[in-house]
Amino acid sequence: MIQLSNVSKTYQVGDRSIAALRNIDLTVNKGEIFGIIGHSGAGKSTLIRTINVLEQPTGGQVFVDGVEMTALNGRRLQQERSSIGMIFQHFNLLSSATVADNIAFPLRLAKQQPGAVERRVRELLQLVGLEEHGAKYPAQLSGGQKQRVGIARALATSPKVLLCDEATSALDPQTTNSILALLLDINRKLHITIVLITHEMHVIRSICDRVAVIDGGKIVELGPVTDVFLKPQHPTTREFVEQLSDSSEPLQAASSPAHERTIVRITYLGEQTYAPILYETMREASVPLVILQGTISRIKDTPYGQMVVEIQGGRADAEETVALLRSRGLDVEVIRYG
Ligand SMILES: Nc1ncnc2c1ncn2[C@@H]1O[C@H](COP(=O)(O)OP(=O)(O)OP(=O)(O)O)[C@@H](O)[C@H]1O
């Protein structure tokens, strides 16, 4: 649906060149929710704005639904842009217009008939849960409600793609969750492709299918959220994953001598999360296993768990237990052998 091919962007500030994007290759599939995460200044905003060419790349090509956006200008570009909706961190609503008029704005711009505009606005107000608020002004709304108006306005012309530029960064955690749930609902109901940028791993974990990690204008890691989240490879990715992990040190079981304590991290996914794997392994290996730390959570719809476990026994017992756990399809990382 979206393809960026060798996209670069260099800003010229006086005699200084700032490379905001360096040779970005990226494909976003139709219907997916694709997240881009990075620290401040990594290039996220620049990247998302090249998709609708609000930012013209200095090199490379951008295709949306087969159309080369970077080859267009003037009226053709405006036309193609209307198939790409966008929402913003600070909502960008017209303060002097009512909620209904804000949503109607792109429809009137597209010269739709008043009756059709009214019907569509009513439909959109319902979609975002603001049926009762059409006559209000933005100043009378909460942050979450303002973003709902932003979403309704972005969807007014039935775009194929929705770009979300830090859409939840100005919202409290509870409101963030309700906006993320709305985006997921819209993605499922309307089959719209969503690209979002964020600096919060929570946003990625909640609703994204795939994620790209951007650092210094480059994509340093890309893949399904389950892979990137559970097996982060790049140091920047690990930092983001740590935002969500329990940072407390695993407890140490003091009951066995240090040389007989092997510590492993076990990761399990999907159905495995509910299986009595430790019990079965303990029975088979006849070695005590002690849980030192554990988490069970979800990545979008997929349950997963991570446990730090102590295997109490000699090296041979530990190796056999690790092999048993792996044979059950679990991911086992040996933190240290006893
Ligand atoms: N209009 C501009 N002129 C000059 N430099 C710019 C411009 N826009 C962005 N930059 C620079 O490009 C780099 C990438 O900026 P960008 O805004 O894309 O990062 P970001 O990841 O979105 O950061 P943030 O989360 O803080 O918004 C930064 O070094 C920034 O200073």
Side-chain angles (χ1 to χ4, degrees), residues 2-28 33-62 64 69-70 73 77 81 84-93 143 146-147 150 154 161-173 175-176 179-180 183 194-208 210-223 225 228-229 232 234-244:
I2 300 169
Q3 201 191 343
L4 273 66
S5 174
N6 203 22
V7 166
S8 295
K9 174 76 187 183
T10 305
Y11 293 105
Q12 206 62 44
V13 182
D15 54 4
R16 227 159 56 90
S17 293
I18 299 166
L21 299 177
R22 304 160 196 251
N23 312 101
I24 302 277
D25 287 309
L26 183 66
T27 302
V28 178
I33 305 186
F34 191 93
I36 297 165
I37 191 165
H39 291 300
S40 181
K44 304 179 296 292
S45 294
T46 308
L47 179 55
I48 202 166
R49 289 161 65 88
T50 60
I51 296 175
N52 54 0
V53 203
L54 282 179
E55 209 65 77
Q56 180 76 42
T58 35
Q61 296 163 297
V62 176
V64 176
M69 299 295 291
T70 33
N73 50 36
L77 180 58
R81 268 195 194 135
I84 306 173
M86 191 161 189
I87 57 172
F88 306 89
Q89 180 174 359
H90 298 295
F91 325 121
N92 296 10
L93 302 179
K146 285 180 196 164
Q147 194 55 289
V161 173
L162 178 64
L163 305 179
C164 309
D165 186 350
E166 295 274 8
T168 55
S169 297
L171 305 175
D172 63 59
T175 313
T176 292
I179 294 295
L180 294 178
L183 290 174
I194 297 182
V195 180
L196 63 85
I197 63 168
T198 182
H199 58 273
E200 290 175 298
M201 200 61 194
H202 165 70
V203 171
I204 303 286
R205 183 177 66 169
S206 300
I207 64 165
C208 292
R210 290 194 305 142
V211 61
V213 183
I214 182 168
D215 192 17
K218 279 188 170 165
I219 291 178
V220 294
E221 197 156 351
L222 190 153
V225 176
V228 171
F229 186 83
H234 192 273
T236 305
T237 318
R238 284 197 209 111
E239 273 174 44
F240 281 116
V241 171
E242 275 165 20
Q243 280 180 359
L244 290 175

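Numbering of ligands and ligand atoms starts at 1, following listing order. Since this is a predicted model, take the numbers as computed values, not measurements.
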Original post:
At what distance, to the nearest 0.5 angstrom, does CD of Q147 lie from CG of L171?
Top reply: 6.5 Å

Original post:
D165: what forms a side chain to side chain donor-acceptor pair (under 3.5 Å) with it, not counting sequence neighbours?
Top reply: none

Subject >> Any residue meeting side chain to side chain donor-acceptor pair (under 3.5 Å) with R81, in chain and number order, not counting sequence neighbours >> reply: none

**OP:** Tell me, please, which residues at least two apart from E200 pass salt bridge (charged side-chain N to carboxylate O under 4.0 Å, His left out).
**Re:** none

Subject >> V161 vs N52 side-chain heavy atoms within contact, under 4.5 Å >> reply: no

**OP:** Would you please write out the protein residues whose heavy atoms approach any atom of ligand 1 to under 4.0 angstrom, listed by chain and number?
**Re:** Y11, V13, I18, A20, H39, S40, G41, A42, G43, K44, S45, T46

**OP:** Check whether any side-chain N or O of K218 sits under 3.5 Å from a backbone N or O of N23 as a donor-acceptor pair, and report yes or no.
**Re:** no

